[in-house]
Amino acid sequence: MENDTTQAQQGTGQQLADNGKQQVKIHPNEVVKLRRSVLKDEGARFNYRAMQAAQNADADIKHLNYAIDKGMKQRDDRQKIINEANSLRQGILKSFHAGLTTDIQQLEKWQSDFKAAYVNHRLQALDPQAELLKRQDFDVSLAAMSDQDLAEYVNSLAERPKLSAYELNKLMLRVQSSPQLKDKVIGYKAANHYGHEYEEAPEWNRVAMMLNTLKGWRSGDNVWYWGQDGRLQLLDVSKLLLDKLKDYHVVDPSQR
């Protein structure tokens, strides 16, 4: 009797476990949607101050200030302090560029992941039967258009629901004999980012702008950092030294 009860409990436990597995089963499209949502949130949170380059610059500039202050406290030769500060500046630039490379790689990976998630989401969302019927309806409507109807249709594309890639290709074939209409369809295609629809997402544009800025910084010889007032500033070692050493006049050539 005890064995029967134990077996029954084990059977019930296994059934609950199986039911649990069934409950967490998620449609592939939901997984893609979730992934895309996570990436959108991540793209919206990217900011310059959180970038590795900014963190490197903050830490290195603090060390630069510390080194100058330490030299003054030790009564080091003024020119020696200047030489060491300029030497540290080269290291700061190298560290800043290394951080930029890490940041650029991170943002480019985000773009790659976002593009894949966007494309996969579109593919998963398609209903094959409904898509087939939609294509057939469009083909019939397009074939029935007179030249005047076609011109009116093309001229009003911006006011209509966005064409699918299939519809756009079919329309492009239909207007081949009219250079004017063809140019308008080509313009419509470019304006709507066909094949690159993900570029319309605000998060994509935000990351793209950040990438352009970071790549510009990496190609230059300047170091950007956030000052105590929270504003983006350019590291100027000469000005920093001028401010700090304004009333410092220790001269000891033997230290150089």
Side-chain angles (χ1 to χ4, degrees), residues 32 35-72 79-122 189-245:
V32 174
R35 175 61 174 155
R36 185 179 171 193
S37 177
V38 169
L39 286 166
K40 285 171 71 71
D41 290 342
E42 185 178 317
R45 288 196 305 270
F46 282 131
N47 66 84
Y48 293 110
R49 296 204 68 168
M51 298 278 97
Q52 187 62 50
Q55 295 179 32
N56 288 359
D58 286 345
D60 291 339
I61 291 171
K62 286 179 182 178
H63 176 69
L64 173 64
N65 278 280
Y66 169 79
I68 296 173
D69 293 340
K70 181 181 178 182
M72 294 170 64
Q79 188 59 48
K80 177 186 176 184
I81 295 174
I82 293 174
N83 293 343
E84 289 181 351
N86 286 326
S87 178
L88 285 173
R89 200 266 183 196
Q90 295 303 313
I92 293 173
L93 178 62
K94 185 177 180 180
S95 175
F96 183 64
H97 281 179
L100 287 172
T101 297
T102 298
D103 297 331
I104 289 169
Q105 290 173 348
Q106 180 187 18
L107 294 180
E108 288 180 337
K109 183 179 185 305
W110 179 91
Q111 283 189 325
S112 178
D113 292 344
F114 185 79
K115 177 181 176 180
Y118 191 97
V119 172
N120 288 338
H121 174 67
R122 284 173 57 86
K189 178 181 180 180
N192 285 277
H193 304 280
Y194 278 89
H196 301 273
E197 288 84 356
Y198 49 86
E199 294 180 1
E200 297 177 346
E203 298 81 11
W204 178 276
N205 288 315
R206 186 170 184 276
V207 169
M209 289 179 63
M210 290 183 69
L211 271 171
N212 286 337
T213 299
L214 297 181
K215 288 178 178 179
W217 287 353
R218 189 174 61 176
S219 66
D221 292 326
N222 294 318
V223 175
W224 294 90
Y225 72 102
W226 271 260
Q228 294 181 349
D229 59 359
R231 295 183 179 181
L232 188 63
Q233 298 181 22
L234 189 65
L235 175 61
D236 187 338
V237 175
S238 296
K239 184 177 183 306
L240 177 65
L241 286 167
L242 187 64
D243 292 342
K244 282 185 171 290
L245 302 178

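Heavy atoms only: backbone and side chains are in, while hydrogens, waters and symmetry mates are out.
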Review point. In Å and rounded to the nearest 0.5 Å, what is the CD to CD distance from Glu197 to Glu199?
Key: 9.0 Å
Review point. Tell me the side-chain hydrogen bond (donor to acceptor under 3.5 Å, both in side chains) pairs involving residues 80-92, sequence neighbours left out?
Key: Gln79-Asn83
Exercise for review: Identify the heavy atoms of Arg49 and Ala54 that sit nearest to each other, and give their distance.
Suggested key: O-CB, 3.8 Å
Practice item. Would you give the length of the straight line joining atom CZ of Phe46 to atom CG of Asp103, rounded to the nearest 0.5 angstrom? Key: 9.5 Å
Check your understanding: Is there a side-chain contact between Ile104 and Leu211 (heavy atoms, below 4.5 Å)?
Key -> yes
Exercise for review: To the nearest 0.5 angstrom, please state how far the CG atom of Leu100 sits from the OG atom of Ser219.
Suggested key: 9.5 Å
Check your understanding: Going by heavy atoms in the side chains, are Asp60 and Phe96 under 4.5 Å from each other?
Key -> no
Exercise for review: Walk me through it: do Asp243 and Lys239 pass the test salt bridge (charged side-chain N to carboxylate O under 4.0 Å, His left out)?
Suggested key: CA-CA 6 Å; Asp243 292 342; Lys239 184 177 183 306; 3.1 Å; yes
**Study point:** Residues that Lys94 engages under side chain to side chain contact (heavy atoms under 4.5 Å, CB included), provided they are two or more places apart
**Key:** none
Review point. In Å and rounded to the nearest 0.5 Å, what is the OG1 to CG distance from Thr102 to Asn56?
Key: 7.5 Å
Point to revise | Contact summary for Leu88 and Ala67, nearest pair of heavy atoms | key: CD1-CB, 3.7 Å
**Study point:** Spacing of CG belonging to Leu64 relative to CG belonging to Leu240, to within rounding of 0.5 Å
**Key:** 5.5 Å
Check your understanding: Should Trp110 and Glu203 count as side-chain neighbours, where that means a heavy-atom distance under 4.5 Å?
Key -> yes
Practice item. Assess whether side chain to side chain contact (heavy atoms under 4.5 Å, CB included) is satisfied between Asn222 and Trp217, documenting all intermediate values. Key: CA-CA 7 Å; Asn222 294 318; Trp217 287 353; over 6 Å; no
Exercise for review: Spell out, as yes or no, whether a donor-acceptor pair under 3.5 Å connects the side chain of His97 to the backbone of Gly220.
Suggested key: yes
Review point. So, do Thr213 and Tyr48 sit near enough that their side-chain heavy atoms are less than 4.5 Å apart?
Key: yes
**Study point:** Chi angles and distances behind the side chain to side chain contact (heavy atoms under 4.5 Å, CB included) call for Trp224, Leu235
**Key:** CA-CA 6 Å; Trp224 294 90; Leu235 175 61; over 6 Å; no
Practice item. Taking the side chain as every heavy atom from C-beta outward, state whether Asn65 and Lys244 have any atom pair closer than 4.5 Å. Key: yes
Exercise for review: Give, for atom NZ of Lys62 and atom OH of Tyr225, the distance between the pair rounded to the nearest 0.5 Å.
Suggested key: 12.5 Å
**Study point:** Donor-acceptor contact below 3.5 Å, side chain Asn192 vs main chain Tyr194
**Key:** no
Practice item. Could you tell me whether a side-chain N or O of Asp113 sits under 3.5 Å from a main-chain N or O of Gln111, the two making a donor and an acceptor? Key: no
Revision key, fill the gap. Ala85 and Leu241 have their tightest heavy-atom pair at CB-CD2, 3.7 Å
**Study point:** Heavy-atom side-chain proximity of Leu232 to Trp226 below 4.5 angstrom
**Key:** yes
Review point. Are Met51 and Met210 side-chain neighbours, meaning at least one heavy-atom pair lies under 4.5 Å?
Key: yes
